[in-house]
Structures are given as C-alpha cells and as structure tokens.
Chemist: 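Sharing a structure, written as structure tokens. Questions coming.
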Amino acid sequence: MPIALALIASAIALSTWGSWSILSPDSFTYLTAARSMYETGALPAERLIAPPGFPMFLAPLLALGEMPLGAFRIAAAACFAATVVLTWKLFRNELGKYGAPGAALLVATSGPMINQSATLQSEIAFTPIALACLLLAGRWRTHKPVSYREAIFGGLLAAIATFVRSAGIVLAPIMFLACLTNRGSTRQAKLVATMLVVAGFVIPQAAWSLRQNSYPAGYSYGTIWTTPREIEQTDATGINLQTRRLTVFGPQRLADLTQAIVPNHLGWRFISGPHASTARWIIGGGLIVAALVRLVRLRSPIDLFFLLTMGMLALWPWNEGVRLVTPLIPILCGYACWLFLGVLKHASNQRPLTIGCAAIGTVCLAGQLIELPYAHAALSHRAPRAIARVDLMEQLAAWQQEHLPKGASVLSVTPRGDNAKLVLIGACYLSRRPIAEFIESDADTIPHSVPGNEPAYAFVDDGAAERPLPDGAAEIGRAGTFRVIQLR
C-alpha cells in the first residue's frame, strides 16, 4: 500500500514538472539564505526573518544553479509523496483498511496540495515532518514504553519542524504531553523521557535564539506577533491587538479551511460570492467543532495539532489564502473519511440510509477526482507565465550587472501586489544586490535619503504613480518596465 500511494502521489505531482515553480517574495528570502549556506557553509551574517530549516532543505539543490527550480519540483514531489503515505499511516488504526487509503487518496488528489507541490515555499517540506511528529506522538500515547533515544529523536524532530516553519512551535507541547501521558512507562521513566524530549527541542531553539540575538534587533516573526502592521490601522497592543486580529482574521481562516476541503472549480458558487460567509461558518466552523469533539473523545495529538494551529493562524495578520492551512489538509481529509464512516456505521441497520450515504460518498469522491484535471490544467496554464517571469528576472539582472556599480542598493517602487515587484526581487537575487526599501505606488515621494553610503538606484515601474524626484536625482535609463533613477 505505501509504495502504491507514493507512486500515485509522485505521478500526480510530477505530471506538470518542468524547470519552473510558482514564486513569491518569500521564495527569494529562502533562496538567498540557501545560497549563502551552499557557498560559505553558513547563513548570511545578519538577523534573519525566516527560520533556517527550509534554506537547509534547498541548499544542496544550489549545486545545480542559483534557481534550481526543476530540482526543487522533484524534491517537492518527494515531500508530497511522503505526505500521502504518512496520512495513510497516521489514520491506519483509526479508519481501517478502507478509510485510511481513502484519506491518503484525498490528499493525493487535493488541488491545493498539488498546487503547493509546485510552489517554492516551506509548507510542502513542513507537512511530512509535522505528520511524522504526530505519528510518533500517537505511538507514545499507547502502552509501549518510550525509549530515551526515541524521546531525544522526538524532541529534535519537533525542533526541525519549527525550523522549517515557525508555526511548527505548536508541535512542542503536543510531543511533551504525549510522552508525559505514555501508559507503558513508570512515572519516573516518563519524567526522564519527557525531559529528554524537552532537551531535544529546546537546545536547538536556544542555539538559534543566541545566534539571532547576536545581531541588532529588527523586523522578525517575533515583532509581527506583538506589533500591529501598518495596514491594520490600529495602535492596539497586547490582548487588545490579539482580540482585534481574531475578529478580523479568524473568519478568514474558516474560509481558508473551506477552500482547502471543497473542490474549488466545482464548488466555487457555494464557497464564493453571496454564499461565502455561510459556507465558511458551516464547513470551516463545522470542522472546528468536529476537532473539538474528537479531542474530548479521543484525546488525539492529531486534533490538538489542528486546533492549536488554527488558533495561531487566527491571530496571524496576513491573508495568504489556502497556503496557510495547507499542512492541515491531510487532517481535513482524515476528518472527511472519519465523518463518512461514522455516519455509514450508524446507518448500517437501515438499508435506505446506507445506500444514501454510499451515494453521497461516491459523489464527493467523484467531485474530488473531477477536480484533479482542473488542478492539472491550472498549473499547466501557469507554466508559460512562470517561465517568462524568470526570463524577465534574468534580463533585468543582466542589465543591473552591466549598468550598476558593485555594491549598489536598490529601491523598489511598484504598485501594491504587482508582478513587477516579484520580478525586481528575483533580479536583485540573481545580481546579488540588496533591495534597501520597498515603496508602494501610493507613496507621496521617493525618499531623498537611503541608508548607507553606497550608490543607490530607484527602480520605478511604469504602473507606479508619478511622483516628484528627490533633489539631485536623475533618470539614467530604462530596464524592462522600470525607469531607473540614480539617487546618489
């Protein structure tokens, strides 16, 4: 079974393979750190925003070039296959010989998961590590004693998950509790094992904190939790800030859950437009209730992870769509099979209900399978644009190498959320020039001064609003869709 599931998942993930990937500004944050690790054996000598795990995952791929997108797609397909197999293992005892493969196949045919396997972001690498932690935690909840070696490994595995994606911090208390409530060890043995789990998790995290604190404080995930973003338009702090975020972003996370589980192409009328609010409260809210019921009845690490993750995401001040809940899709698929099997079991004594449940399950599975070619077509449609975007990055990087002095800083002046911003970020990554500041097109002016003493150039996209130039600034030419202005 695991080999068959891995082959199916790999075939699906690689069906749109090519030397391209869906990129975002975060992608180049990871690539920059990975390139430093590959070339110097160390992270960049600065305080990093993102944790180091995903750059470590990418670093070996840099042997194939500065943007090894084809190699990343293969590595991501391996992570996707591991996610499908681990979903089967995670639910095998609970859902049985039919339910567990069903949950795994739902993951393998999930449009958002397939899309994530083509996206250069950390979620695709984090998900199988998180599932492995939950699998180990579930094993610790049984009557089998926890060996000390296994305890250290569990703590390290949770630390690795957190290094890949900061939201993995919720795995730490889950691992601690699972070890502490083990039913096969003496009280003293459980305490020692739990201390080893804590040590395995805390020591790497402490080392990372010491490394970060050796550099001047700056923008980081830590400040995001405690400081409102400009776009939030509030001066609230502490509990008031978190309450405000819960009311603003909490409902959006329910919508993300809904989009993660409902086939988007077939169910878009239900999950968007005038029905969107109703759908997110019925489906997203229903999934939260199901997790709470399961947690009370089963006390499973799976449900605790789901609820803790959703609690954290409900306070995260960004709307990034389904991406944020992607690591929860295996659990969502397990919930779907659990609910279906539960209803089918209760209806087993009534033939009409049994037939009705089977029909509903068949329709839902058919909808998921019908969604698969749509997901494949959507990715195939994105491929030419993704390849063209990388070409623009390379052309702009070549222009920068030819016309800008070494060490020059760059200012990005583009419309909010515009493709030009991503092109410039990619070009600066390839030409190894830092972007000193990002300016949205609705800003009043281009700054008169830029930190540092090196030459500075503003790249102003044609789509950006016209604005007066600083005194002494001069336009020196054009590069693609950008006017290039020398500031000093």
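Quick caveat, the model's predicted, so the values are computed rather than measured.
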Chemist: How long is the straight-line distance from OG1 of Thr326 back to CD of Gln116, given to the nearest 0.5 Å?
Modeler: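 Output value for this atom pair is 4.5 Å.
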Chemist: Does Glu39 form a salt bridge (Lys or Arg N to Asp or Glu O under 4.0 Å) with Arg432? I'd like the steps, not just the answer.
Modeler: CA-CA 13 Å; Glu39 293 180 348; Arg432 306 187 182 222; 2.7 Å; yes
Chemist: Drop me the distance from Ile435's CD1 to Lys421's NZ, to the nearest 0.5 angstrom.
Modeler: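 Spacing of CD1 (Ile435) from NZ (Lys421) equals 8.5 Å.
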Chemist: Which pair of non-hydrogen atoms, one from Phe126 and one from Gly168, has the smallest distance, and what is that distance?
Modeler: CE1-CA, 3.6 Å
Chemist: Using only heavy-atom distances, determine whether the side chains of Arg73 and Thr16 contain a donor-acceptor pair under 3.5 Å.
Modeler: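 Yes.
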Chemist: So how far is it from Leu31 CG to Leu62 CG, rounded to the nearest 0.5 Å?
Modeler: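 Leu31 CG to Leu62 CG: 6.5 Å, rounded to 0.5 Å.
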Chemist: So, taking the atom named CG in Leu180 and the one named NZ in Lys190, what distance separates them when rounded to the nearest 0.5 Å?
Modeler: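 The distance works out to 6.5 Å.
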Chemist: Test Gln121 against every option in Ser21, Ser27, Ser24 by the side-chain hydrogen bond (donor to acceptor under 3.5 Å, both in side chains) rule and name the one that passes.
Modeler: Ser24
Chemist: Look at the side chain of Asn182 and the backbone N and O of Lys144, then say whether any donor-acceptor pair between them is shorter than 3.5 Å.
Modeler: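 Checked: pair present.
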Chemist: Just by distance, no angles: are the side chains of Asn419 and Arg389 close enough, under 3.5 Å, to form a donor-acceptor pair?
Modeler: yes
Chemist: Does the ring-ring contact (aromatic ring centres under 6.0 Å, His included) test come out yes or no for Phe54 and Phe163, once each step is laid out?
Modeler: CA-CA 7 Å; Phe54 193 55; Phe163 281 150; over 10 Å; no
Chemist: If only atom types and distance count, is the side chain of Ser117 paired as donor or acceptor with the main-chain N or O of Ile114 below 3.5 Å?
Modeler: yes
Chemist: Checking Thr247 side chain against Arg244 main chain: does a donor-acceptor pair fall under 3.5 Å?
Modeler: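 Indeed, once roles are kept as given, a pair shorter than 3.5 Å links the two residues.
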Chemist: State, to 0.1 Å, how close Cys337 and Gly99 come at their nearest heavy-atom pair, and which atoms those are.
Modeler: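 For Cys337 and Gly99, the tightest heavy-atom pair comes out as SG-O, 3.8 Å.
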Chemist: So Leu134 and Ile331, do their side chains get closer than 4.5 Å, heavy atoms only?
Modeler: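 In short, these two side chains touch, coming nearer than 4.5 Å.
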Chemist: Please check if any side-chain donor atom of Ser300 sits under 3.5 Å from a side-chain acceptor atom of Arg294, or the reverse.
Modeler: no
Chemist: Find out whether the Lys NZ or Arg CZ of Arg35 is both under 6.0 angstrom from the six-membered ring centre of Tyr429 and within 45° of the ring's axis.
Modeler: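 Relative to the ring axis of Tyr429, which defines the angle, Arg35 lies inside both limits.
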Chemist: Could you walk me through whether Thr119 and Leu23 pass the side chain to side chain contact (heavy atoms under 4.5 Å, CB included) check?
Modeler: CA-CA 6 Å; Thr119 304; Leu23 300 172; over 6 Å; no
Chemist: I'd like to know if Asp303 and Arg297 make a salt bridge, using a cut-off of under 4.0 Å between side-chain N and carboxylate O.
Modeler: no
Chemist: Do the side chains of Pro204 and Leu156 get nearer than 4.5 Å, heavy atoms only?
Modeler: yes
Chemist: Run the side chain to side chain contact (heavy atoms under 4.5 Å, CB included) test on Leu332 and Leu106 for me, step by step, so that the C-alpha distance in whole Å, both residues' side-chain angles and the decisive distance to 0.1 Å come before the verdict.
Modeler: CA-CA 9 Å; Leu332 296 179; Leu106 287 178; over 6 Å; no
Chemist: Could you tell me whether the side chain of Val85 reaches within less than 4.5 Å of the side chain of Ile3, counting heavy atoms only?
Modeler: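 Side-chain contact under 4.5 Å: no.
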Chemist: Mind listing the closest non-hydrogen atom pair of Met310 and Leu257 along with its distance?
Modeler: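 Between these two residues, the closest heavy atoms are CE-CD1, 3.6 Å.
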Chemist: What I'd like to find out is whether the side chain of Pro51 reaches to under 4.5 Å of the side chain of Arg165, using heavy atoms alone.
Modeler: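 Not touching, per the 4.5 Å side-chain cut-off.
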Chemist: When rounded to the nearest 0.5 angstrom, what is the spacing between OH in Tyr148 and CE in Met195?
Modeler: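 Between atom OH of Tyr148 and atom CE of Met195 there are 10.5 Å.
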Chemist: Are any of the side-chain heavy atoms of Trp208 and Gln212 separated by less than 4.5 Å?
Modeler: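 Sidechains of Gln212 and Trp208: in contact.
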Chemist: Using a 3.5 Å distance criterion without hydrogens, assess whether the side chain of Arg253 forms a donor-acceptor pair with backbone atoms of Gly284.
Modeler: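 No, Arg253 side chain to Gly284 backbone: no donor-acceptor pair under 3.5 Å.
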Chemist: How about Arg299: does its CZ atom have over 12 heavy atoms from other parts shown lying under 6.0 Å from it?
Modeler: no
Chemist: Taking atom types as modelled, is there a side-chain donor on Asn240 or Thr243 under 3.5 Å from an acceptor on the other?
Modeler: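 Not at all, the side chains of Asn240 and Thr243 share no donor-acceptor pair under 3.5 Å.
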Chemist: How long is the gap from OG1 on Thr32 to CG on Leu43, to the nearest 0.5 Å?
Modeler: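 Answer rounded to 0.5 Å: 11.5 Å.
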Chemist: Please confirm whether the backbone N or O of Leu7 pairs with a side-chain atom of Ser10, one donor and one acceptor, at under 3.5 Å?
Modeler: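 No, Ser10 side chain to Leu7 backbone: no donor-acceptor pair under 3.5 Å.
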Chemist: So, for Pro330 and Phe91, which heavy atoms are closest and what is the spacing to 0.1 Å?
Modeler: O-CE1, 3.7 Å
Chemist: Counting C-beta onward and ignoring hydrogens, is there a side-chain heavy-atom pair between Thr309 and Pro327 closer than 4.5 Å?
Modeler: no
Chemist: Going by heavy atoms in the side chains, are Leu304 and Leu177 under 4.5 Å from each other?
Modeler: yes
Chemist: Do the ring planes of Phe57 and Phe72 sit parallel (below 30°), tilted (30 to 60°) or perpendicular (above 60°)?
Modeler: perpendicular
Chemist: Go through the steps for Trp318 and Phe249 under the test side chain to side chain contact (heavy atoms under 4.5 Å, CB included), then give the verdict.
Modeler: CA-CA 8 Å; Trp318 263 276; Phe249 298 102; 5.8 Å; no
Chemist: Show your working on side chain to side chain contact (heavy atoms under 4.5 Å, CB included) between Met175 and Phe201 and close with a plain yes or no.
Modeler: CA-CA 10 Å; Met175 302 298 282; Phe201 177 81; over 6 Å; no
Chemist: So does Leu254 get a backbone contact from the side chain of Thr258, meaning a donor-acceptor N/O pair under 3.5 Å?
Modeler: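 Flag set: sc Thr258 to bb Leu254 pair under 3.5 Å.
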Chemist: For residues Phe80 and Ala13, report the shortest heavy-atom separation together with the two atoms involved.
Modeler: CD2-CB, 3.5 Å
Chemist: Could you check whether any side-chain N or O of Arg382 sits under 3.5 Å from a backbone N or O of Ile22, counting only pairs where one atom can act as donor and the other as acceptor?
Modeler: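 A pair under 3.5 Å: no.
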Chemist: If only atom types and distance count, is the side chain of Ser36 paired as donor or acceptor with the main-chain N or O of Ala42 below 3.5 Å?
Modeler: yes
Chemist: Provide the closest heavy-atom pair for Met1 versus Pro101 in the form atom of the first, atom of the second, distance.
Modeler: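 In terms of heavy atoms, the two residues are closest at CE-CG, 3.9 Å.
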Chemist: I'd like to check Leu328 versus Phe305 (side-chain heavy atoms, cut-off strictly below 4.5 Å). Are they in contact?
Modeler: yes
Chemist: Look only at the side chain of Asn213 and the backbone of Ser209, and say whether a donor-acceptor pair between them is shorter than 3.5 Å.
Modeler: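 A pair under 3.5 Å: yes.
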